[in-house]
Amino acid sequence: MNPREISPLSLLLSVALLLLLSSSGSGSELRVLVRLGDGQISEEIIEADSERDIISVELKQADGALITFLADFKQHVKILRALVLGEPERGQTQYQALCFITALEHGEIIPSEAMVRLRQKNPHIVRMAEDKRGVEQMTVNVAVNLTSAWRLSSHIHNICRDAQDFVYTREQDVKLWLEKGVDGSIFEAMPPKPEDPVMQICSSTADPWQPCTCSYTLRLEWYPCVLKYCRGHGPSPYKCGIKSCSKGYRFDFYTPHKQLCMWDEDE
């Protein structure tokens with residue numbers, strides 16, 4: 001059966017794509033076909049675990065990069081990882097891992113206990129988000145020490161272990177976590193030396209071995225962002241479905257060599 005598209009309007013008028021059902025299990029997995037910005041179709045894998053109180057979203061972008069999003073509701077932390085394909089002809093490795101850690105905002109994605117009760121209908125339909133949100137731009141100029149990052153979230157090391165020295169966060173998130181008592185030794189301002197000059201952006205830097213400010217943009221094409229409520233015969237509304245969202249993220253960060261930011265040269 002060939003995939004076919006369904007518009008956001010028909011999502012509301014036709015039988016619900018995802019039904020909220022009772023479930024005795026603590027985990028679930030959904031595989032959803034989504035259309036990317038360039039028209040290609042990709043499969044998203046959305047997993048939830050209500051006991052660990054997490055939701056993860058994984059998909060492959062049009063450029064081949066594998067994107068992973070994890071929401072840790074217990075620690076109010078979200079992790080975005082990109083495995084970017086390298087270019088061996090330019091001396092790059094098979095792939096480069098980038099990991100960005102920020103505070104998880106309330107209402108950013110549906111709760112894990114609701115996610116585990118979602119069951120999919122019509123798995124061959126290509127989904128399009130009802131709410132296509134813009135791109136959130138973040139300057140992530142603080143490095144996170146991977147060996148002690150468990151103090152922020154126990155999931156960081158597992159997801160970000162391939163990123164090593166490319167695990168970043170924002171100053172505003174560091175301030176929030178320090179106020180909550182997180183050990184400040186986890187964090188290190190970037191660039192590491194205060195006397196370093198203002199960084200050029202990598203796209204305007206000619207020397208491949210010069211430090212510069214790199215940018216990376218990714219998009220989550222489809223994820224359950226809001227619960228929908230319907231009115232029945234009783235006095236109180238009940239959960240009857242979800243609203244889907246799409247959102248982009250752009251991260252600006254320090255890199256010691258332009259060679260590690262080749263995708264940015266045409267920006």
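Because the structure is predicted, anything quoted here is derived from the model rather than measured.
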With a 3.5 Å distance limit and no angle check, can you tell me whether Tyr216 reaches the backbone of Phe253 through a side-chain donor-acceptor pair?
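Side chain of Tyr216 to backbone of Phe253, a donor-acceptor pair under 3.5 Å: no, none is there.
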Test item: Asp49 side-chain N/O and Arg52 main-chain N/O as donor-acceptor pair under 3.5 Å
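Pair found, side chain donor or acceptor close to backbone of Arg52.
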Once you measure the plane-to-plane angle for Phe100 and Phe251, does it fall in the parallel (<30°), tilted (30-60°) or perpendicular (>60°) bin?
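Phe100 vs Phe251 ring planes: parallel.
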With under 30° as parallel and over 60° as perpendicular, where do the rings of Tyr223 and Phe69 fit, or are they tilted in between?
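Correct class here is parallel.
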Distance (rounded to the nearest 0.5 Å) between [X] [atom1] and [Y] [atom2]:
| X | Y | atom1 | atom2 | answer |
| --- | --- | --- | --- | --- |
| Cys99 | Leu80 | SG | CG | 8.5 Å |
| Leu218 | Lys247 | CG | NZ | 11.0 Å |
| Asp162 | Tyr95 | CG | OH | 3.5 Å |
| Asp53 | Gln75 | CG | CD | 10.0 Å |
| Leu178 | Glu171 | CG | CD | 11.0 Å |
| Arg151 | Ile156 | CZ | CD1 | 11.5 Å |

Looking at every non-hydrogen atom in both residues, tell me the closest pair between [X] and [Y] and how far apart they are.
| X | Y | value |
| --- | --- | --- |
| Pro256 | Phe166 | CD-CZ, 4.2 Å |
| Pro123 | Leu33 | O-CD1, 3.9 Å |
| Leu260 | Gln96 | O-NE2, 2.9 Å |
| Pro224 | Ile109 | O-CG1, 3.2 Å |
| Leu104 | Val77 | CB-N, 3.6 Å |
| Gly37 | Glu221 | N-OE2, 3.7 Å |

Under a 3.5 Å threshold, yes or no: a donor from one side chain and an acceptor from the other, between [X] and [Y]?
| X | Y | answer |
| --- | --- | --- |
| Asp252 | Thr213 | no |
| Gln200 | Gln210 | yes |
| Asp173 | Thr102 | no |
| Arg170 | Thr139 | no |
| Lys258 | Thr205 | no |
| Arg250 | Ser215 | yes |
| Arg81 | Thr68 | yes |

side-chain contact (heavy atoms from CB on, under 4.5 Å) between Cys160 and Ile79: does it pass, once the steps are laid out?
CA-CA 9 Å; Cys160 300; Ile79 308 166; 3.8 Å; yes
Go through the steps to decide whether Ile242 and Leu118 satisfy the test side-chain contact (heavy atoms from CB on, under 4.5 Å), and finish with yes or no.
CA-CA 9 Å; Ile242 58 98; Leu118 293 181; 3.8 Å; yes
Is there side-chain contact between [X] and [Y], with heavy atoms separated by less than 4.5 Å?
| X | Y | value |
| --- | --- | --- |
| Val144 | Phe187 | yes |
| Asp72 | Leu70 | yes |
| Leu176 | Lys180 | yes |
| Val142 | Met190 | no |
| Leu66 | Gln61 | no |
| Val126 | Val34 | no |
| Ile54 | His155 | yes |
| Lys60 | Ile67 | no |

Can [Y] be reached from [X] by stepping across I, L, V, M, F, W or Y side chains whose heavy atoms are under 4.5 Å apart?
| X | Y | value |
| --- | --- | --- |
| Ile110 | Tyr229 | yes |
| Ile186 | Tyr168 | no |
| Leu30 | Phe73 | yes |
| Trp177 | Leu146 | yes |
| Leu227 | Ile55 | yes |

Any carboxylate oxygen within less than 4.0 angstrom of a Lys/Arg side-chain nitrogen, looking at [X] and [Y]?
| X | Y | answer |
| --- | --- | --- |
| Glu44 | Arg31 | no |
| Glu108 | Lys78 | yes |
| Glu130 | Lys228 | yes |

One pair to check against disulfide bond (SG atoms under 2.5 Å apart): Cys214 and Cys202. What are the steps and the verdict?
CA-CA 5 Å; Cys214 184; Cys202 291; 4.8 Å; no
Can Tyr254 and Val140 be said to form a side-chain contact (heavy atoms from CB on, under 4.5 Å), step by step?
CA-CA 8 Å; Tyr254 167 87; Val140 283; over 6 Å; no
Can Ser246 and Arg133 be said to form a side chain to side chain donor-acceptor pair (under 3.5 Å), step by step?
CA-CA 6 Å; Ser246 170; Arg133 299 175 177 178; over 6 Å; no
I'd like to know if Cys261 pairs up with Cys212 as a disulfide, counting it only when the SG to SG distance is below 2.5 Å.
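No, no disulfide: SG-SG not under 2.5 Å.
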Inspect the surroundings of CD in Glu113 and state if more than 12 heavy atoms from other residues, nucleotides or ligands are less than 6.0 Å away.
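It does: Glu113 CD has more than 12 such atoms within range.
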Looking at Glu29, I want to see if its CD is surrounded by more than 12 non-hydrogen atoms of other residues, nucleotides or ligands under 6.0 Å.
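Yes, CD of Glu29 has more than 12 neighbouring heavy atoms, counting only those of other groups under 6.0 Å.
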As a quick check of understanding, evaluate side-chain contact (heavy atoms from CB on, under 4.5 Å) for Tyr249 and Leu220, giving each step before the final call.
CA-CA 8 Å; Tyr249 299 87; Leu220 299 180; 4.2 Å; yes
